[in-house]
Amino acid sequence: AANRAIKDLGAIGLPEAAPIREAAKQRLLDALKTVKIDPVLDAMNDLADRGRKENERVQASLRPVEDLLGHDDPDTARLAAFVLARVGGPAGVKAIGTLITGLRDPDPLIQEQAATFLGEMGPDAAEAVVALADALRPDRKSAVRVKAAVALGFIGPPAVRVADRLLDVLRAGDAPDASRYDVRRYVTEVFVNLGYANAPQAVPVLLDLLANDKNWEVRQRCTWVFLPMKTDDFRNARSTSGRSAEEVFTAVLRDPALEQ
């Protein structure tokens, strides 16, 4: 019964708040018709204020679900964490501990689910980046590793804390089943989201991968890291063997293996 209640609450989405949203939106539209800035600003402020109050009501309504995070039944606690993570905000942050526990569960399916919901929280799940990096270990199922890498990409800049561990995954090459699940491709995409300036230690390694990696999708994602790079930074970028970025890119353009 508790599990069903949690699922129902997550699906309802509190529709009673809809009239409040519509009233505020109508005030904004009416103000826009006047073409006077003060009424427009007043309506926008009112809409923002009502949105904050509505969010407070949503968060307050989730307190019974938050209480279930400490339930003796781990399945109930985990379902509560999934609902809170999906809602996000302060309530979602309270679920992070339970989701991290899920990442360490012996069941790979539960590990996948936990990683997925942490990813949905985006930067709010910054506390979980180390646990997600742990889930990238080669002894984990490749499907779990993919979900962990995707989650780190969604979390974004906070993942810089585990950049060196991500580089270790890239250097290790593809395990027999890892290439099928594109583990390293998604790890490379984490660096795309981080930006080269936030993880400068990755630049030489990514140039090495671009030049030599057997996984063409990894090589493709490496180029994405360099697309927004400033001209001077590109000219100064070097691979671990000392090759310039220009030299590496020129060689790639001439690589017959990539013509297709």
Side-chain angles (χ1 to χ4, degrees), residues 103 115 118-119 122-123 125-126 128-259:
L103 284 174
L118 285 167
V129 296
V130 173
L132 287 165
D134 288 340
L136 288 169
R137 294 198 316 264
D139 61 331
R140 299 290 189 101
K141 295 289 186 182
S142 290
V144 173
R145 300 176 74 203
V146 164
K147 297 292 186 183
V150 171
L152 288 167
F154 286 143
I155 290 171
V160 72
R161 292 170 50 200
V162 294
D164 290 338
R165 297 179 65 179
L166 298 178
L167 291 175
D168 289 340
V169 173
L170 292 178
R171 291 188 189 100
D174 290 324
D177 68 331
S179 59
R180 181 163 61 91
Y181 285 93
D182 296 325
V183 174
R184 292 169 67 248
R185 169 166 69 94
Y186 286 109
V187 171
T188 309
E189 289 181 10
V190 177
F191 288 103
V192 176
N193 293 330
L194 283 178
Y196 74 93
N198 292 319
Q201 73 272 38
V203 170
V205 177
L206 295 174
L207 282 173
D208 287 345
L209 296 174
L210 175 58
N212 304 309
D213 202 83
K214 295 179 181 179
N215 187 327
W216 72 267
E217 290 187 305
V218 169
R219 298 176 78 179
Q220 181 189 54
R221 270 59 179 185
C222 287
T223 66
W224 295 356
V225 176
F226 293 88
L227 289 177
M229 185 173 279
K230 295 179 180 179
T231 302
D232 287 345
D233 291 337
F234 183 82
R235 288 173 176 164
N236 293 327
R238 295 289 184 275
S239 68
T240 57
S241 62
R243 297 176 70 189
S244 69
E246 183 177 357
E247 182 182 356
V248 171
F249 271 80
T250 300
V252 168
L253 289 172
R254 294 172 177 170
D255 187 345
L258 298 177
E259 288 183 357

* Asked: Does the pair R171/D168 count as a salt bridge with the N-to-O cut at 4.0 Å?
  -> yes
Anything under 3.5 Å between a donor and an acceptor, one on a side chain of residues 203-210, the other on a protein residue two or more places apart or in another chain? List them.
unit_1	atom_1	unit_2	atom_2	d
D208	OD1	T240	N	3.4
D208	OD1	T240	OG1	3.2
D208	OD2	T240	OG1	2.2

* Asked: Can you tell me how far CD of E217 sits from CZ of R184, rounded to the nearest 0.5 angstrom?
  -> 11.0 Å
* To do: Under the side-chain contact (heavy atoms from CB on, under 4.5 Å) rule, collect the residues that match up with A148, sequence neighbours excluded.
  => L132, A135, L136
* To do: Identify the heavy atoms of A126 and I155 that sit nearest to each other, and give their distance.
  => CA-CG2, 4.1 Å
* Structure fact -> Nearest heavy-atom contact between L103 and A131 is CD1-CB, 3.8 Å
* Structure fact -> The single option from V183, D182, T188, V190 that satisfies side-chain contact (heavy atoms from CB on, under 4.5 Å) with Y186 is D182
* Test side chain to side chain donor-acceptor pair (under 3.5 Å) applied to N212 - qualifying residues, sequence neighbours left out -> none
* Residues which pass side-chain contact (heavy atoms from CB on, under 4.5 Å) with D164, listed by chain and number, not counting sequence neighbours -> L167, Q201
* Just jot down the side chain to side chain donor-acceptor pair (under 3.5 Å) partners of R161, sequence neighbours excluded, or say none. => none
* Can you list the residues that meet the side chain to side chain donor-acceptor pair (under 3.5 Å) rule with T250, with sequence neighbours excluded? -> none
* Asked: Partners of R140 by salt bridge (Lys or Arg N to Asp or Glu O under 4.0 Å), sequence neighbours excluded?
  -> none
* **Stepwise side-chain contact (heavy atoms from CB on, under 4.5 Å) check, R165 with D134** => CA-CA 9 Å; R165 297 179 65 179; D134 288 340; 2.4 Å; yes
* Please report the shortest heavy-atom distance between V160 and L194, naming the atom on each side. => N-CD2, 3.7 Å
* Applying the side-chain contact (heavy atoms from CB on, under 4.5 Å) test to V192, which of V225, L227, T223 qualifies? -> V225
* Structure fact -> By salt bridge (Lys or Arg N to Asp or Glu O under 4.0 Å), E246 pairs with (sequence neighbours left out) none
* Structure fact -> Closest non-hydrogen atoms of R219 and D213, given as atom of the first, atom of the second and distance, are CD-O, 3.1 Å
* State which residues pass salt bridge (Lys or Arg N to Asp or Glu O under 4.0 Å) with R137; sequence neighbours excluded, sorted by chain then number. => D139
* Side chains of F191 and R221: closer than 4.5 Å at any heavy-atom pair? -> no
* **By side-chain contact (heavy atoms from CB on, under 4.5 Å) - contacts of A211 (at least two apart)** => R243, V248
* What closest approach, in Å, do V169 and R145 show between heavy atoms, and which atom pair accounts for it? -> CG1-NH2, 3.7 Å
* How would you list, by chain and number, every residue that makes a ring pair (Phe, Tyr, Trp, His ring centres under 6.0 Å) with F154, sequence neighbours excluded? -> none
Pair up each side-chain donor or acceptor in residues 228-237 with any protein partner under 3.5 Å, not counting sequence neighbours, and list the distances.
unit_1	atom_1	unit_2	atom_2	d
D233	OD2	Y196	OH	2.7
N236	ND2	D232	O	3.0

* Considering all heavy atoms, the nearest A115-A151 contact -> O-CB, 3.4 Å
